[in-house]
Amino acid sequence: MKYLSIITIILMSCQLSASEITGKWFGLLNIQGTKLGLVINIEEKEGVMVGTLDSPDQGAYGIPATKLDFSNPNLNFEISNIGVSYSGILKDGKVEGIFKQAGMEIPLSLSREEIKKEIPKRPQEPKPPFPYKAEDVKFYNEIDDITLAGTLTMPENGDNFPVVVMITGSGAQNRDEELLDHKPFLVISDYLTRNGIAVLRFDDRGYGESEGNHAVATSYDFSTDVQSAVKFLKSRKEINPKKIGLIGHSEGGVIAPIVATTIPEDIAYMVLLAGTGIRGDKLLLLQQELIYKSMSIPDEQIDAVISSNKVVFELITSSEDDKKLPDIIKNKISENVENNPELIPAGLDKDSYIEMQTRGIISPWLIAFMRLEPTDYLKHVKCPVFALNGEKDLQVPPKENLSAIENSIKSNGNNNVTVKEYPNLNHLFQNCETGSPNEYGEIEETFSPLVLKDIADWINKVTN
């Protein structure tokens, strides 16, 4: 799951005649040392102001706006499905304001001047011409009536290829799983295809060129997209239908076992990259604790946040009536704030904090993820599995998750499981110093060459 995925959408849509607000607005969001550029495009169409967001660092362009209120000089907008809001004041051709989400508040200045960022070095990113075939493809998800778009790469010569479907982590992502100018799925796809393995990677539903609504989808919905990809591959004459596998990263490592137990006859093997083996709520609490510690937040503050979240998460995992959840969660958060006022970040009022926390927690995806027990699916997996993780992964800690994955799979008599923990690698499988998400964008390496080789060797071994 992507820790830095908090700006996958920004909304801009309103009726506004003030010409000073139309055009391009540039901003630089500094998230714990990682700088993400934003471009907000506002124009007038048939008397109505509409807008889109570009987030070049995440490979996202033309994301449509959903809500905006502008009463000169005040600009306010929010992203309700992920609990994001922004309030700013237009003055002297600039908008100065605060970007907020889940208790975090980040200054964000918007201006007309394009922000020049140094282009980071990404030496592993492959450049054309490629010594293999690359075809843009589309396939249909009959269950949800949407068409998904992706890229199928295959060796230049031969046929009957083994193939893998790539499954991204949490948050809306394109087919390259692009983040902070890194394109890990492109790097993996290139390496595997050069080593005789075909690869299908595709844009998440509702993102890039794929149809659908990402905001209301859960891990179970995404699993049907993967099933559709498998069905598509079975129709390709170049592909060996008996050698179709899955590679899932983070949340994708949870989705892969769901698919493998839903259509077991179609899945020949799985590679789980930092896949989870413990229930979602427990994973999130562990993730929060480790990341907060990496930020040198005092232990008493960490304990207060974790204790508060644990109580709220338990309400979600034990709820028998989800229609009542919003009110129940809001009341509990209010109670927590009364008992622990230090939970409210400086500069944020109590009511805004409670509302923001409530909206962020009751999203369909998060509720489903908290309740998702990977063991329910892993214990039914019959195919060979390669589960791997980085020693310094703070988002999906290796010790707790690798052992849970291995034990769950072996519990059904499937001993064809390989587990490996790699020293000095983080959640993105980069060689790193601390494993903190703050390092992701600063590291030149996109994906460990050693892990690339191990994946290719393992797949070729189990498919030969």
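Side chain of S334 to backbone of K330: a donor-acceptor contact under 3.5 angstrom is found. Within the 3.5 Å criterion, the main-chain N or O of D176 finds a donor-acceptor partner in the side chain of N174. Remark: the backbone N or O of I443 is not paired with any side-chain donor or acceptor of E445 at under 3.5 angstrom. One N or O on the side chain of D221 and one on the backbone of T218 form a donor-acceptor pair closer than 3.5 Å. Proximity of a side-chain donor or acceptor of E209 to a complementary backbone N or O of A149 within less than 3.5 Å is not detected. Judged by distance alone, the side chain of D181 and the main-chain N or O of I119 form no donor-acceptor pair under 3.5 Å. Although no hydrogens or angles enter the test, the distance criterion places no donor-acceptor pair under 3.5 Å between the side chain of H249 and the main chain of M166. Side chain of D144 to main chain of I146: no donor-acceptor pair is present (N/O by atom type, distance under 3.5 Å, no hydrogens or angles). The backbone N or O of K379 sits nowhere less than 3.5 Å from a side-chain atom of S408 that would complete a donor-acceptor pair. Counting only distance, with no hydrogens or angles, the side chain of E444 and the backbone of P123 share no donor-acceptor pair below 3.5 Å.
What you find for P264 and T261 is that their closest heavy atoms are CD-O, 3.6 Å. The shortest heavy-atom contact between N426 and G435 is CB-CA, 4.0 Å. Nearest heavy-atom pair across P384 and A268 is CD-O, 3.1 Å. A pairwise comparison of heavy atoms in V381 and I409 identifies O-CG2, 4.4 Å as the closest pair. The two residues A215 and P364 have their closest heavy-atom pair at O-CD, 4.3 Å. Closest approach of I316 to I361, counting heavy atoms only: CD1-CG2, 3.3 Å.
Here the side chains of D145 and Y140 are in contact, with some heavy-atom distance below 4.5 Å. Residues I188 and R201 are not in side-chain contact: their nearest non-hydrogen atoms beyond the backbone lie 4.5 Å or more apart. A 4.5 Å side-chain heavy-atom check between Y422 and S448 finds every atom pair outside the cut-off. Proximity of I459 to F386: side-chain heavy atoms (C-beta onward) are nowhere separated by under 4.5 Å. Residues T463 and I197 form no side-chain contact, since every pair of their non-hydrogen atoms from C-beta on lies 4.5 Å or further apart. A heavy-atom distance below 4.5 Å is not found between the side chains of S223 and T262. Looking at T446 and P184, their side chains come closer than 4.5 Å, going by heavy atoms from C-beta outward. Within the 4.5 Å cutoff, side-chain heavy atoms of N336 are placed close to those of V312.
A distance of 11.0 Å separates CG of N424 from OG1 of T434, quoted to the nearest 0.5 Å. Distance check, rounded to the nearest 0.5 Å: CG of D225 to OH of Y220 gives 15.5 Å. Interatomic distance, CD1 of I244 versus SG of C383, reported as 12.5 Å (0.5 Å rounding). Interatomic distance, CD1 of I291 versus CD1 of I302, reported as 11.0 Å (0.5 Å rounding). Here the straight-line distance linking atom OH of Y269 with atom CD1 of I267 works out to 9.5 Å at 0.5 Å rounding. Between the CE atom of M370 and the OG1 atom of T317 there is a distance of 8.5 Å, given to the nearest 0.5 Å.
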- request: Given side chain to side chain contact (heavy atoms under 4.5 Å, CB included), test E135 with R236 step by step and report yes or no.
  value: CA-CA 12 Å; E135 178 184 346; R236 297 289 301 227; 2.8 Å; yes
Please evaluate residues Q288 and N309 with respect to the criterion side-chain hydrogen bond (donor to acceptor under 3.5 Å, both in side chains), reporting the C-alpha separation (whole Å), side-chain torsions for both, the decisive distance (0.1 Å), and the verdict. CA-CA 10 Å; Q288 289 171 353; N309 286 344; 3.0 Å; yes
request  = Please lay out, stage by stage, how Y191 and F447 fare under the test ring pair (Phe, Tyr, Trp, His ring centres under 6.0 Å).
outcome  = CA-CA 11 Å; Y191 188 90; F447 201 90; 9.5 Å; no
Next item on the list: Please lay out, stage by stage, how D190 and R194 fare under the test salt bridge (charged side-chain N to carboxylate O under 4.0 Å, His left out).
Entry: CA-CA 6 Å; D190 177 78; R194 291 173 186 267; 2.8 Å; yes
Checking side chain to side chain contact (heavy atoms under 4.5 Å, CB included) for the pair I278/N401: CA distance, chi angles, key distance, verdict? CA-CA 6 Å; I278 60 178; N401 288 280; 3.5 Å; yes
> Under the side chain to side chain contact (heavy atoms under 4.5 Å, CB included) criterion, do E439 and Q430 qualify, and how do the steps go?
Replying inline: CA-CA 10 Å; E439 296 178 334; Q430 301 167 305; over 6 Å; no
Query raised in the report: Does the pair S189 and T153 meet the rule for a side-chain hydrogen bond (donor to acceptor under 3.5 Å, both in side chains), with working shown?
Result: CA-CA 7 Å; S189 171; T153 56; 3.2 Å; yes
Query - Test log, rule side-chain hydrogen bond (donor to acceptor under 3.5 Å, both in side chains), inputs S219 and E251 - result: CA-CA 8 Å; S219 301; E251 184 195 2; 2.5 Å; yes
- Task: Step by step, work out the side chain to side chain contact (heavy atoms under 4.5 Å, CB included) result for K231 and I263.
- Result: CA-CA 10 Å; K231 182 177 181 180; I263 51 172; over 6 Å; no
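Note on ring orientation: taking the six-membered ring where Trp is involved, the planes of F139 and F232 are parallel (angle under 30°, cut-offs 30° and 60°).
When the options D376, D281, D322 are evaluated for a salt bridge (Lys or Arg N to Asp or Glu O under 4.0 Å) with R371, the one that passes is D322. The one candidate from L148, N141, V165, I258 that meets the side-chain contact (heavy atoms from CB on, under 4.5 Å) condition with V226 is V165.
Between E433 and K392, no side-chain nitrogen of the basic residue sits less than 4.0 Å from a carboxylate oxygen of the acidic one, so the salt-bridge criterion is not met. Ion pairing between E238 and K133 fails under the 4.0 Å rule for side-chain N and carboxylate O.
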